S.K.: 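A single structure is presented below for examination.
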Amino acid sequence: MKVKILNSSNPKIKKYIGEVRNYFKMGGCACLEDLKEPGYGIQTSRIIDEKKEGNIITIKTKNSTYELEIIKE
């Protein structure tokens with residue numbers, strides 16, 4: 001699915017806020033794949049909790065939290 005990165009507690013992700021990326025899970029981690037360079041992107045640490053409310057997904061990992069907006073399922 002395509003998502004927009006709305007926020008993250010991870011300082012390394014701050015520069016990607018507002019970007020639209022492909023979202024999928026692999027090996028218990030969230031992957032945010034770059035649309036321009038398939039196969040490249042952000043991989044989180046292991047997902048501890050994931051909540052979906054409307055079109056917003058909130059992901060909590062061991063190290064960070066991520067807030068994503070679903071653009072296309």
Side-chain angles (χ1 to χ4, degrees):
M1 86 176 65
K2 287 192 181 2
V3 298
K4 179 192 270 186
I5 302 170
L6 297 179
N7 201 2
S8 176
S9 64
N10 184 336
K12 294 178 182 176
I13 304 303
K14 297 289 184 184
K15 64 183 174 183
Y16 301 112
I17 289 176
E19 286 191 12
V20 175
R21 297 195 168 225
N22 286 324
Y23 168 69
F24 57 93
K25 290 185 242 177
M26 183 172 63
C29 301
C31 298
L32 298 165
E33 180 182 52
D34 193 314
L35 296 178
K36 296 173 189 156
E37 293 186 61
Y40 293 94
I42 301 161
Q43 182 173 346
T44 70
S45 54
R46 187 165 297 278
I47 296 171
I48 295 171
D49 186 40
E50 179 178 32
K51 292 181 184 176
K52 182 178 174 186
E53 294 180 23
N55 66 334
I56 303 296
I57 301 171
T58 303
I59 300 169
K60 291 183 182 179
T61 67
K62 179 182 175 186
N63 302 320
S64 305
T65 59
Y66 301 84
E67 188 175 343
L68 311 171
E69 178 183 10
I70 299 170
I71 303 296
K72 183 179 178 183
E73 287 200 55

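Remember, predicted model here, so these are calculated numbers, not experimental data.
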S.K.: Closest approach of Lys51 and Asp49, non-hydrogen atoms and distance?
M.R.: CE-OD2, 3.3 Å
S.K.: Quick one: pull up CD in Gln43 and CZ in Phe24 and give me the separation to the nearest 0.5 Å.
M.R.: 8.0 Å
S.K.: If we only count heavy atoms from C-beta on, is the Glu67 to Ile5 side-chain gap below 4.5 Å?
M.R.: no
S.K.: Please give me the minimum heavy-atom distance between Ala30 and Ile59, naming the atom from each residue.
M.R.: CB-CD1, 4.0 Å
S.K.: Output yes when a side-chain donor or acceptor of Thr61 lies under 3.5 Å from a complementary backbone atom of Ile47, and no otherwise.
M.R.: no
S.K.: Of all heavy-atom pairs between Gly27 and Arg46, which one has the smallest distance, and what is that distance?
M.R.: O-NH1, 3.3 Å
S.K.: Can you tell me how far NZ of Lys4 sits from CD1 of Ile56, rounded to the nearest 0.5 angstrom?
M.R.: 10.0 Å
S.K.: Please tell me whether Ile57 and Val20 are part of a single hydrophobic cluster in this structure, the criterion being side-chain heavy atoms less than 4.5 Å apart.
M.R.: no
S.K.: Would the distance check show the side chain of Lys62 and the main-chain N or O of Ile48 forming a donor-acceptor pair, the cut-off being under 3.5 Å?
M.R.: no
S.K.: When rounded to the nearest 0.5 angstrom, what is the spacing between OG in Ser45 and NZ in Lys60?
M.R.: 13.5 Å
S.K.: Using the rule that Ile, Leu, Val, Met, Phe, Trp and Tyr join whenever any side-chain heavy atoms are under 4.5 Å apart, tell me whether Leu6 and Tyr16 fall into a single cluster.
M.R.: no
S.K.: Run the side-chain contact (heavy atoms from CB on, under 4.5 Å) test on Val3 and Leu32 for me, step by step, so that the C-alpha distance in whole Å, both residues' side-chain angles and the decisive distance to 0.1 Å come before the verdict.
M.R.: CA-CA 8 Å; Val3 298; Leu32 298 165; 3.8 Å; yes
S.K.: Distance only, no hydrogens: is a donor on one side chain within 3.5 Å (strictly under) of an acceptor on the other, for Glu33 and Asn22?
M.R.: yes
S.K.: Given Lys2, which of Ile70, Leu35, Leu68 fulfils the side chain to side chain contact (heavy atoms under 4.5 Å, CB included) condition?
M.R.: Leu35
S.K.: Can you tell me how far the CG atom of Asn7 sits from the OG1 atom of Thr58, to the nearest 0.5 Å?
M.R.: 10.0 Å
